[in-house]
Amino acid sequence: MKKLLCLTFVLTTIFVKTNAQSASFIEDSIAIKQISDITLPNTVAYENLRFLCKKIGHRLSGSIGAEKAVQATFNMLKQAGADTVYLQPCMVTHWVRGVGEQAFIFVNGKKQPLTFTSLGNSEGTNNKWVQAPIVEVKSMSQLHTLGNAVKGKIVFFNIEMNQQYVSTGRAYGEAGIGRRAGAAQAAKYGAIAAIVRSLSTSNDDNPHTGTMAYNDSFPKIPAIAISTNQSNEISKQLKQGANVSVQFKSNCKMLPKAKSYNVIGEIKGSTLPKEILTIGGHLDSWDLAEGAQDDGAGCVQSIDVIRAIKQAGLQPQRTIRAVMFMNEENGSGGAAAYLENAEKQQEQLIFAIETDGGGFTPRGFGLDMALDKKEKIRSWAKLFYPYGVYDFTGVGSGADIDDLKKLGTAVAGLSVDGQRYFDLHHSKLDTFEQVNRRELNLGTINMAALLWLISKYGL
Ligand SMILES: [Zn+2]
């Protein structure tokens with residue numbers, strides 16, 4: 001009899017528990033469907049992006065565009081219905097391209113124009129012509145092998161993105177060594193400039209810019225990028241034994257740091273307002289285009305998460321905070337200010353997610369946190385399937401939130417279909433027309449759903 005009672009108790013417990021679980025599953029499904037129904041047909045985020053791209057244009061840190069974008073997104077957050085909207089001051093890198101970038105290539109003495117872009121944070125030539133023969137390297141170790149043989153030359157880092165990888169982000173990370181550190185390493189051996197193959201997955205004529213950094217122990221030589229087509233052509237000529245030299249001039253330079261802002265909007269949590277969930281993108285962009293996919297898309301999605309939750313009439317228990325980070329591209333001044341402020345205020349940033357892979361079709365979430373937290377998020381996987389998100393195996397978060405791990409924050413990133421991202425990333429092709437409204441909104445829906453669940457169940 002005792003055994004039977006015990007069994008009845010166990011079965012009842014399982015039944016009640018399963019029922020409770022399925023009841024909450026249904027409840028959560030309904031909430032997410034509400035978010036989706038409101039968001040998928042919506043044009044607000046898309047029109048906000050159009051405004052950022054077409055009315056403001058590029059938003060390089062320290063530029064007038066960046067300043068205007070601060071005001072514009074402040075207004076957008078208000079319109080979205082955020083309970084509080086405010087600016088968080090930060091100091092940002094102020095690098096300017098200047099005008100008059102010009103280059104020629106000489107192949108066996110034959111002169112032809114060469115299209116290039118200075119890399120972000122690079123020194124320019126002060127409008128003086130720089131000319132030297134070029135030496136091609138396919139890897140950093142090849143440069144080290146050549147050593148002082150590159151003295152007085154221009155080193156050409158022809159490091160290709162590995163097209164065998166399914167993850168374009170992985171290929172970008174690996175091949176990016178030339179852009180990030182090429183000039184510093186070439187200067188160590190006496191080179192006078194560095195040319196890098198653009199980090200692009202397509203073969204075309206567009207140079208892609210991006211940030212680079214110097215090493216204070218070596219001279220600050222100018223660094224520029226050329227297109228993938230041009231890189232292939234130069235490589236072919238060199239293989240055929242041609243004498244190839246490049247002549248170029250530029251006027252880019254680094255100015256003293258400038259004051260700017262992160263733009264922040266919040267929905268205050270109803271029962272646990274001190275526990276904060278951050279969602280963010282970065283407001284600054286490179287100056288060759290409109291910064292539509294990188295990362296205007298992430299900003300308008302973050303704003304739209306606020307709008308969607310408010311409009312669905314959902315009241316999160318924990319605070320949801322959308323942040324437009326400033327200066328991600330070439331200094332991370334915004335991220336540093338956010339972290340510093342959180343430390344000072346002893347904020348409980350329990351979770352943060354960044355969307356900085358473009359507003360493409362979402363596939364999943366990168367999760368960088370303790371295993372039990374990952375497991376908790378993964379237990380909700382089925383709720384996301386109707387909205388195209390299925391992959392919870394990634395580990396990447398975002399450059400602006402990664403350091404929040406120091407505070408114990410669980411960080412995540414929206415994973416999207418990245419096959420087209422690096423065709424246009426940091427080039428003149430990154431325009432509003434490249435963003436699809438429905439893909440953009442699907443990203444918003446999935447992030448809003450994730451934030452809603454964490455606001456309800458914690459992490
Ligand atoms: Zn970005």
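The first residue of the sequence shown is numbered 1, and numbering continues consecutively from there. As the structure lists them, so they are numbered: ligands from 1, and atoms in each ligand from 1.
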Quick check: does His425 have an N/O/S atom under 2.8 Å of the Zn ion (ligand 1)? no
Any N/O/S of Asp356 under 2.8 Å from the Zn ion (ligand 1)? yes
With a 3.5 Å distance limit and no angle check, can you tell me whether Asp417 reaches the backbone of Phe360 through a side-chain donor-acceptor pair? no
Strictly by salt bridge (charged side-chain N to carboxylate O under 4.0 Å, His left out), give each pair with a member in residues 377-394 just once, sequence neighbours left out. Glu375-Arg378
From the N, O or S atoms in Asp294, identify the one nearest to the Zn ion (ligand 1). OD1
Looking at Arg50, Lys54, Lys55, which hits salt bridge (Lys or Arg N to Asp or Glu O under 4.0 Å) with Glu290? Lys54
Test: salt bridge (charged side-chain N to carboxylate O under 4.0 Å, His left out). Region: residues 336-352. Which pairs qualify, not counting sequence neighbours? Arg321-Glu347, Glu340-Lys344
